[in-house]
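Have a look at the structure below before the remarks.
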Protein chains: 2
Amino acid sequence: MVVNAYIIDAVRRMVCMRMSFDERLGSHFKRVEQELQAAKSAAVKPAGLTVPQYAALFVLDEQPGISAAELARRCAVTPQTMTTILRNLEAGGLIERTPHPLHKHVIETRPTPAGRKALDQADKRATGVERRLAAAFSEEEAETLRALLARVSETLTTDPILKS
Amino acid sequence: MVVNAYIIDAVRRMVCMRMSFDERLGSHFKRVEQELQAAKSAAVKPAGLTVPQYAALFVLDEQPGISAAELARRCAVTPQTMTTILRNLEAGGLIERTPHPLHKHVIETRPTPAGRKALDQADKRATGVERRLAAAFSEEEAETLRALLARVSETLTTDPILKS
DNA sequence: TGACGACCATCAGAACTCTGATTAGTGTCT
DNA sequence: AGACACTAATCAGAGTTCTGATGGTCGTCA
């Protein structure tokens, strides 16, 4: 007995069956992001860092003296979140913050020697995760993946979802 | 003056320049996941739900009476996290929890009529996001993306990263 | 029956994340 | 000079998430 896939789909809609988890691209992204997060977290943990702290230190090491607001933009978090991250980093003695000599309402942030040491240690292992990941794909596949991800990103940001 | 790309790369390694954000697949995943999260969040917000709450209600609607531990596994969060989510859902009157008639240490959870209503409302809009996303890809592209994501997942979970 | 292991639920503590609101300095335009 | 807009920093509150620890219940196996 042959069952038409179209009919199955139509019936599903009639009985109000929802889109399954597996059909949703979102669930795949979530899983991958979660696993990646876990791997990275395990990688930077021995250095006493969390992933967001590592990201902040990473940017700070490239551009010492950057403001918290700019740092937040680079790390793709809100300024409030960055304030929290910096507070924890400062409490651990990994960064130091001093008022800007000219702009009084700007606080310059830069890593301490201890911060740079932690960053080095974390970066070695974090890069290892990325390299292992990259090794699972040919250059062409990696490019395809990047392109598809960019398309997802574009779709999500240009679509008028937020206005509906 | 011609500069060899290989030499540039070699120099970078010598001066200990780190892997850039753009080289890291992780940064692309993070961005996409973040945007997707934002879109979903905006979609379910009018129904008074957060994304994890929506996910929990979604599973609960398919399998009423499920335990919190099982629910946590389905939603890919820890039992502790699910406890928090359920506490908030219960406070909002969207679910009800009653002791299991046989196993006294198990609490059965099921959506209330209000919960089902919120789920319906949220699901319509959440599905809309997924459909719009799916519309940006051909069936073949979507399949490629799913396959690549699965490879990432496999690489991350089978690799001995966590033991290093 | 009694011990052990497996599982469920939950508390405690910490970190990250967001939205919303406040305070204050800088720069521009009238 | 004064008004306005922009930016920086931060507080407050809420939600999600984790690890670690605790206590209770069920089933199995000696």
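Letters A, B, ... mirror the listed sequences (proteins, then strands); counts begin at 1.
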Lys/Arg N to Asp/Glu carboxylate O, [X] vs [Y], below 4.0 Å:
{"X": "B/E33", "Y": "B/K30", "value": "no"}
{"X": "A/D123", "Y": "B/R24", "value": "yes"}
{"X": "A/R74", "Y": "A/D61", "value": "no"}

In B/S/- notation (B base, S sugar-phosphate only, - none; protein heavy atoms under 4.0 Å), nucleotides 18-25 of chain C written 5' to 3' is BBBB---S
Comparing A/T83 and B/P79 on DNA chain D - which has the more 5′ nearest nucleotide: A/T83
Between B/V51 and A/A68, which has a closest nucleotide on DNA chain D that is more 5'? A/A68
Could you give the [atom1]-to-[atom2] distance, from [X] to [N], as a whole number of Å?
{"X": "A/M82", "N": "C/dA15", "atom1": "CE", "atom2": "C1'", "value": "14 Å"}
{"X": "A/L71", "N": "C/dC16", "atom1": "CG", "atom2": "C1'", "value": "15 Å"}
{"X": "A/E90", "N": "D/dA9", "atom1": "CD", "atom2": "P", "value": "13 Å"}
{"X": "A/L86", "N": "C/dC16", "atom1": "CG", "atom2": "P", "value": "10 Å"}
{"X": "A/I85", "N": "C/dT17", "atom1": "CD1", "atom2": "C1'", "value": "9 Å"}
{"X": "B/L89", "N": "D/dT16", "atom1": "CG", "atom2": "C1'", "value": "12 Å"}
{"X": "B/E108", "N": "D/dT25", "atom1": "CD", "atom2": "P", "value": "17 Å"}
{"X": "A/Q37", "N": "C/dC16", "atom1": "CD", "atom2": "C1'", "value": "10 Å"}

Specify the closest pair of heavy atoms between A/G48 and A/Q53, including all atoms of both residues, with the distance to one decimal. O-OE1, 4.0 Å
Minimum-distance nucleotide to A/R73 side chain [options: D/dT16, C/dA15, D/dA8]: D/dA8
Give a yes/no answer on whether the side chain of [X] brings an N or O atom under 4.0 Å of OP1 or OP2 in [N].
{"X": "A/N88", "N": "C/dC16", "value": "yes"}
{"X": "A/R87", "N": "C/dA14", "value": "no"}
{"X": "A/R97", "N": "D/dA8", "value": "no"}

Any luck finding a side-chain donor-acceptor pair between B/T81 and B/T84 under 3.5 Å? no
Does the B/Q34 side chain pair with the main chain of A/A76, one donor and one acceptor, at a distance under 3.5 Å? yes
Please check this pair: side chain of A/E96 against backbone of A/T109, looking for a donor-acceptor N/O pair closer than 3.5 Å. no
Heavy-atom nearest nucleotide on DNA chain C taken for A/Q53 and for B/I107; more 5' hit belongs to B/I107
